[in-house]
2 protein chains.
Amino acid sequence: MTLETSPPSAPTLEQVAAVAGVSRATVSRVINDSPKVTVEAREAVSRAIAELGYVPNRAARSLASRRTFAIALVIPENTAKFFADPYFASVIQGVAMALSSTKYTLSLLITPETDAEKSRNFLQAGNVDGALVLSHHSDDRAFLALARTMPVVFGGRPMGPEGEHAFYVDVDNRAAARVATEHLIAGGRTRIATIAGPADMAAGVDRLDGWRDALNAAGLASSLVERADFTPAGGFEAMRRLLARGESFDALFAASSQLASGALSAMRDAGLAVPADVSITSIDNDYFATNANPRLTAIEQPTVEVGRTMARLLIDRIEGREISRVTILPTALVQGQSA
Amino acid sequence: MTLETSPPSAPTLEQVAAVAGVSRATVSRVINDSPKVTVEAREAVSRAIAELGYVPNRAARSLASRRTFAIALVIPENTAKFFADPYFASVIQGVAMALSSTKYTLSLLITPETDAEKSRNFLQAGNVDGALVLSHHSDDRAFLALARTMPVVFGGRPMGPEGEHAFYVDVDNRAAARVATEHLIAGGRTRIATIAGPADMAAGVDRLDGWRDALNAAGLASSLVERADFTPAGGFEAMRRLLARGESFDALFAASSQLASGALSAMRDAGLAVPADVSITSIDNDYFATNANPRLTAIEQPTVEVGRTMARLLIDRIEGREISRVTILPTALVQGQSA
DNA sequence: TTGAAAGCGCTAACAT
DNA sequence: ATGTTAGCGCTTTCAA
């Protein structure tokens with residue numbers, strides 16, 4: 001366990017104090033931007049810091065102050081899904097943007113089931129001041145308990161009774177689904193199927209409800225439902241099941257564009273033309289929507305803004321500012337060629 | 001700076017010791033799997049830990065032991081490029097796999113120029129026991145200095161004189177490029193152009209050299225060179241410049257499949273058929289190669305294995321085991337339809 | 001405004 | 001095998 005080449009051990013605050021000719025307390029004050037330091041003292045310390053190349057030791061600092069100035073972004077997915085889903089990319093971008101103007105540092109935790117315990121420990125061990133939990137697709141109940149231990153902001157409404165007390169940023173999935181479905185109805189479609197997400201995920205449940213809302217309001221039947229997990233493969237299989245039913249339909253609302261993209265393949269295999277035979281709308285104006293053929297008409301979520309907002313809210317909570325528990329961001333329908 | 005709801009402060013080792021009826025040292029020994037603990041003591045401690053829900057405080061631990069059991073994976077790119085490049089996804093997967101069977105935790109640092117100082121500070125502040133620097137495309141010289149401070153393993157040979165002392169995992173880019181070019185020659189092509197990477201990156205330089213090696217050995221001209229950064233857009237522009245020269249060619253070696261994919265668009269615009277008019281080989285059998293039309297004949301790198309190896313080597317270094325400074329992993333040509 | 005001194009929660013000699 | 005005792009490098013009262 002010994003390092004092969006013992007590196008030049010880092011300069012300590014004590015050494016800085018010696019060089020600057022002040023006490024350790026004063027050095028600490030300068031580092032922490034305390035106003036109660038004379039200009040001369042401050043400058044002497046700054047010079048010493050520069051001269052020695054001093055960087056405060058995080059462990060010592062956080063042990064003494066009980067602050068880490070780090071936050072975790074927890075993504076309960078496996079690595080493959082993480083990279084396959086453009087949603088994460090934009091949210092992270094938003095988080096990173098919000099953080100870059102602060103002292104806070106980001107710890108990215110991609111936590112497949114297998115490493116769950118390691119991640120929990122990491123968080124409980126005081127490595128971070130708070131956590132962001134981004135559960136676009138996955139189940140996040142495991143992390144609700146965390147919220148009792150430290151400030152946590154969720155991306156997407158957490159399911160379950162404990163979710164009632166959680167802080168989260170989300171879009172109005174139900175309204176978004178309703179709008180997407182209404183667009184199909186406005187286009188004159190009357191037999192509208194849906195491929196819904198999993199029943200144990202908020203986005204799955206809410207988007208299905210929104211689809212029903214629209215159909216009910218228009219007096220249309222809402223029986224053509226197939227569920228799938230939010231992947232192209234899931235969409236492909238769901239569409240095959242839908243077609244196998246033998247009940248014809250002239251429109252599809254897919255709960256995500258990944259689902260729609262899989263469904264498109266299955267429809268092409270079946271010789272169905274889009275939008276001639278079946279028109280389609282979906283949610284997520286992402287890579288899968290814009291690169292589909294035809295380009296999908298889809299609801300756009302403000303993904304970068306979700307990330308930015310989550311980070312800002314978390315820091316507000318960490319620093320004791322009051323924030324509202326629920327933040328809903330607006331969505332908009334973006335016209336493509338599929339409906 | 002005060003938490004709005006002060007969370008129940010975490011149990012300490014001292015409390016565990018009290019509950020278990022042993023000294024703090026014994027608790028510490030149990031936590032650290034020391035063999036010198038009686039079974040009874042170990043069990044008493046384990047029970048106390050479970051009962052209290054105790055998790056050791058990382059800061060205290062690392063302050064006392066000077067170990068963090070965390071390593072950083074530094075990616076000197078902006079977030080957008082990070083997600084656009086499938087290379088990173090696989091390498092990270094490899095790193096994560098290697099780490100999951102260890103006590104080590106991963107800190108992912110995506111460091112655009114703007115946040116460089118924050119990242120450097122993070123690393124110098126003792127947050128990690130070592131760092132992996134993955135510079136597929138970007139310049140990494142800034143991180144060579146880091147290697148004097150802590151164990152560092154690079155992914156890809158670092159450029160510059162300091163690179164001579166760096167530990168790294170890489171493939172033989174020169175040989176890979178030579179093989180890819182020889183494949184074109186074996187196909188009867190004689191006027192072979194290349195789109196090379198940047199001159200300040202090892203992969204850029206080495207792959208160009210390999211192309212030259214093959215042409216020289218075959219007695220063919222090696223004048224048709226255009227450089228670009230490793231993106232589809234770069235490849236597109238480079239191909240346009242190549243075409244604008246007015247010198248005809250019947251084959252192209254692209255230094256990466258992203259470059260090739262951009263080049264393909266430009267060739268399609270120019271009415272060139274692949275592989276009829278121009279055959280193509282490239283490096284990276286990734287998404288861009290397999291989804292190109294026609295599918296690219298490309299050199300496959302063992303990307304997951306690169307990540308796995310980097311992580312293993314870094315941990316070996318951290319724990320004082322001897323490792324060889326340079327590790328070269330094998331590549332193989334994967335036949336597509338482009339050559 | 002500054003310094004002295006007491007910890008933060010843990011590990012690691014050193015005794016026993 | 002276990003306990004005692006110093007710290008690890010910093011922040012933070014409290015006095016001056």
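The figures here come from the full heavy-atom set of this structure, side chains too, leaving out hydrogens, waters and symmetry mates. So that the names make sense, note that chain A is the first sequence line, chain B the second, and so on, each numbered from 1.
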Please walk me through it: do B:Phe69 and A:Phe122 pass ring-ring contact (aromatic ring centres under 6.0 Å, His included)? CA-CA 11 Å; B:Phe69 287 104; A:Phe122 180 86; over 10 Å; no

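- Between the side chain of B:Arg67 and the backbone N or O of B:Asp129 there is no donor-acceptor pair closer than 3.5 Å.
- Atom pair B:Glu43:CD and D:dA1:P shows a separation of 16 Å (rounding to whole Å applied).
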Once each nucleotide of nucleotides 2-7 of chain D is scored for protein heavy atoms under 4.0 Å, what B/S/- sequence comes out, 5' to 3'? BBBBBB

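- Residues B:Val55 and A:Pro35 both approach DNA chain C. Their nearest nucleotides, taken by heavy-atom distance, put A:Pro35 toward the 5′ side.
- Contact record, B:Pro56 with B:Ile31: CG-CG2, 4.1 Å, taken as the closest heavy-atom pair.
- Residue contacts shown for A:Ser28 include a base, since a base heavy atom lies under 4.0 Å away.
- The side chain to side chain contact (heavy atoms under 4.5 Å, CB included) check on B:Arg66 picks up nothing, with sequence neighbours excluded.
- Between A:Thr12 and D:dG9, a side-chain N or O to OP1/OP2 separation shorter than 4.0 Å is absent.
- Judged by distance alone, with hydrogens and angles left aside, the side-chain atoms of B:Arg325 form a donor-acceptor pair with the main-chain N or O of B:Glu164 at under 3.5 Å.
- Taking the 5' to 3' direction, DNA chain C first and last meets chain A under 4.0 angstrom from a heavy atom at C:dT1 to C:dG9.
- Rounded to whole angstrom, the span from the CZ atom of A:Arg66 across to the C1' atom of D:dT11 amounts to 11 Å.
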